[in-house]
Amino acid sequence: MKIKIYLIPGFMNDEKLWSRLIPLFDDTYEFIHLEIPLRNSFDEIVEVLNDKIKDEKINLLGFSLGGYISCYFGLKYPDRVNKILAVACTPANLDEVECQRRKAAIEFTKKFGFKGLSRKKVLSLVEPKNQCDEELINLILQMYIDVGEEAFYSQFMATIIRKDLSEKLINSNLKLAFLYANEDRLVSSKFMEEFSLKAKNIEFTQIKAQTHMLPLERTKEVKEKIMQWF
């Protein structure tokens, strides 16, 4: 019987996020990519996903924003979840400074139009040794363009009002694991360390890496975690 895993990508990512990972598995695994619904709140996002997914009980693998969505889904629909793996994800809220920065980004985009990520921004997300990997850089740039303007507004609006899920996750019965890099600039190691000390029911795996884009750059480690966890 195949191990079926539903995949939820990160902010402005699409199915290309998994393009270097899925080919590493044999046909005992079945991966199903889910697009993040065009809704402005996490309640609405997980409601749409709940209606869309027909399997009674599922495995979820979420990357970054998708990891947060996976955790949110598990808390809202615990009876529908078998296991969750959240990759490069912090289940925390945003501080006021970051909220204001994102609101400003939305207003800037409305005024001057939707544009792709800068190359400088992409380079900040990947490991120094991979900053000359043009295929990787172009893939990330292309995902942002392909996902598009409507998703940009939707996903940014949802993230502005995100809640800290850590206490609810600690008090849940979810089978949940986190995988993240120790030098990921988008994941707070301090938050995750404090969270892991309190969350005895949750599994944490930290790897030595300087990247956020684990499914594209650290495929070996992500594959090993998927096989161990699911």
C89 vs V187, test: side-chain contact (heavy atoms from CB on, under 4.5 Å). Steps then yes/no. CA-CA 6 Å; C89 163; V187 173; 6.0 Å; no
Step-by-step side-chain hydrogen bond (donor to acceptor under 3.5 Å, both in side chains) determination, N138 to Q142: CA-CA 6 Å; N138 289 332; Q142 192 61 48; over 6 Å; no
Dump the intermediate steps for side-chain contact (heavy atoms from CB on, under 4.5 Å) on S19 and L139, then the final yes or no. CA-CA 10 Å; S19 61; L139 186 153; 3.6 Å; yes
Derivation of the side-chain contact (heavy atoms from CB on, under 4.5 Å) call for L24 and K223: CA-CA 7 Å; L24 302 181; K223 178 191 176 185; 3.9 Å; yes
So E135 and R20, side-chain contact (heavy atoms from CB on, under 4.5 Å) or not? Walk me through it. CA-CA 11 Å; E135 181 183 302; R20 294 185 174 186; 3.4 Å; yes
Go through the steps for Q210 and E217 under the test side-chain hydrogen bond (donor to acceptor under 3.5 Å, both in side chains), then give the verdict. CA-CA 10 Å; Q210 294 175 274; E217 295 185 86; over 6 Å; no
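In this structure, the side chain of S154 does not engage the main chain of E150 through any donor-acceptor pair within 3.5 Å. Panel note: side chain K115, backbone F112; a donor-acceptor pair is recorded below 3.5 Å. Between the N201 side chain and the I170 main chain, a donor and an acceptor come within less than 3.5 Å of each other. N50 places no side-chain N or O within donor-acceptor distance of the main-chain N or O of V46, the cut-off being under 3.5 Å.
Going from atom CD1 of I145 over to atom CZ of F114 covers 5.5 Å, rounded to the nearest 0.5 Å. Atoms CG and CG, on D133 and N130 in that order, are 5.5 Å from each other to the nearest 0.5 Å. Interatomic distance, CD1 of I45 versus CG of L38, reported as 9.0 Å (0.5 Å rounding). Rounding to the nearest 0.5 Å gives a distance of 13.0 Å between CZ of R39 and CD1 of I36. Distance check, rounded to the nearest 0.5 Å: CG of L61 to NZ of K225 gives 11.0 Å. Note that SG of C99 and CZ of R162 are 10.0 Å apart. Values are rounded to the nearest 0.5 Å.
In this structure, V126 and I140 have side chains that are in contact, with non-hydrogen atoms separated by less than 4.5 Å. Residues P37 and L49 have side chains in contact (heavy-atom distance under 4.5 Å, counting atoms from C-beta outward). Using a 4.5 Å cut-off on side-chain heavy atoms (C-beta onward), S172 and L75 make contact. No side-chain heavy atom of T211 sits under 4.5 Å from any side-chain heavy atom of L125. The side-chain heavy atoms of P91 and D164, taken from C-beta on, include no pair separated by under 4.5 Å. Looking at V147 and E35, their side chains never come closer than 4.5 Å, going by heavy atoms from C-beta outward. Using a 4.5 Å heavy-atom cutoff, the side chains of T205 and F178 are not in contact. Between F25 and F31, some side-chain heavy-atom pair lies under the 4.5 Å cut-off.
Under a hydrophobic-cluster definition in which Ile, Leu, Val, Met, Phe, Trp and Tyr are linked whenever side-chain heavy atoms come within less than 4.5 Å, directly or via other members, L117 and F108 are assigned to different clusters. Under the 4.5 Å side-chain heavy-atom criterion for grouping Ile, Leu, Val, Met, Phe, Trp and Tyr, V48 is not connected to L34 through any hydrophobic cluster.
No donor-acceptor contact under 3.5 angstrom links the side chains of D43 and S41, judged on distance only. With no hydrogens or angles considered, a side-chain donor-acceptor pair links Q228 and E203 at under 3.5 Å. In this structure, a donor-acceptor pair under 3.5 Å is absent between the side chains of S196 and E193. Side-chain atoms of N182 and Q206 form no donor-acceptor pair, as typed in the model, at a separation below 3.5 Å.
In this structure, K168 places its NZ atom where only 12 or fewer heavy-atom neighbours from other residues, nucleotides or ligands lie under 6.0 Å away. Atom CG of D51 has more than 12 heavy atoms from other residues, nucleotides or ligands within 6.0 Å.
Salt bridge status for E98 with R102: present, with a side-chain N to carboxylate O gap under 4.0 Å. Under 4.0 Å is where a charged nitrogen must lie from a carboxylate oxygen, and between K76 and E47 at least one such pair does. Under the 4.0 Å criterion applied to side-chain N and carboxylate O atoms, E127 and R218 are assigned as salt-bridge partners. The existence of a salt bridge linking K220 and E224 is confirmed by a sub-4.0 Å separation between a basic side-chain nitrogen and an acidic carboxylate oxygen. Between R119 and E134 a salt bridge is recorded (basic side-chain N to carboxylate O distance below 4.0 Å).
The two atoms that bring K83 and W229 nearest to each other are NZ-O, 2.7 Å, heavy atoms only. Between F156 and A105, the shortest heavy-atom contact is CE2-CB, 3.5 Å. The two atoms that bring N40 and I161 nearest to each other are O-CD1, 3.9 Å, heavy atoms only. The two residues F63 and L17 have their closest heavy-atom pair at CD2-CD2, 3.5 Å. For the residue pair T159 and L94, the shortest heavy atom distance occurs at O-CD1, 3.1 Å. Listed here is the closest heavy atom pair of K57 and V81: CE-O, 3.1 Å.
Centroid-to-centroid, the aromatic rings of H212 and Y180 stay 6.0 Å apart or farther. Between F204 and F195, the distance from one ring center to the other falls under 6.0 angstrom. Aromatic rings of F42 and Y68 (six-membered ring for Trp) have centroids within the 6.0 Å cut-off, being under it.
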Show which side-chain atoms of residues 3-14 pair as donor or acceptor with protein atoms under 3.5 Å away, not counting sequence neighbours.
residue : atom : partner : partner atom : Å
K4      : NZ   : D55     : OD2          : 3.0
Y6      : OH   : D55     : OD2          : 2.5
N13     : OD1  : G10     : N            : 3.3
N13     : ND2  : F11     : O            : 3.3
D14     : OD1  : K16     : N            : 2.9
D14     : OD1  : K16     : NZ           : 3.4
D14     : OD2  : K16     : NZ           : 2.7

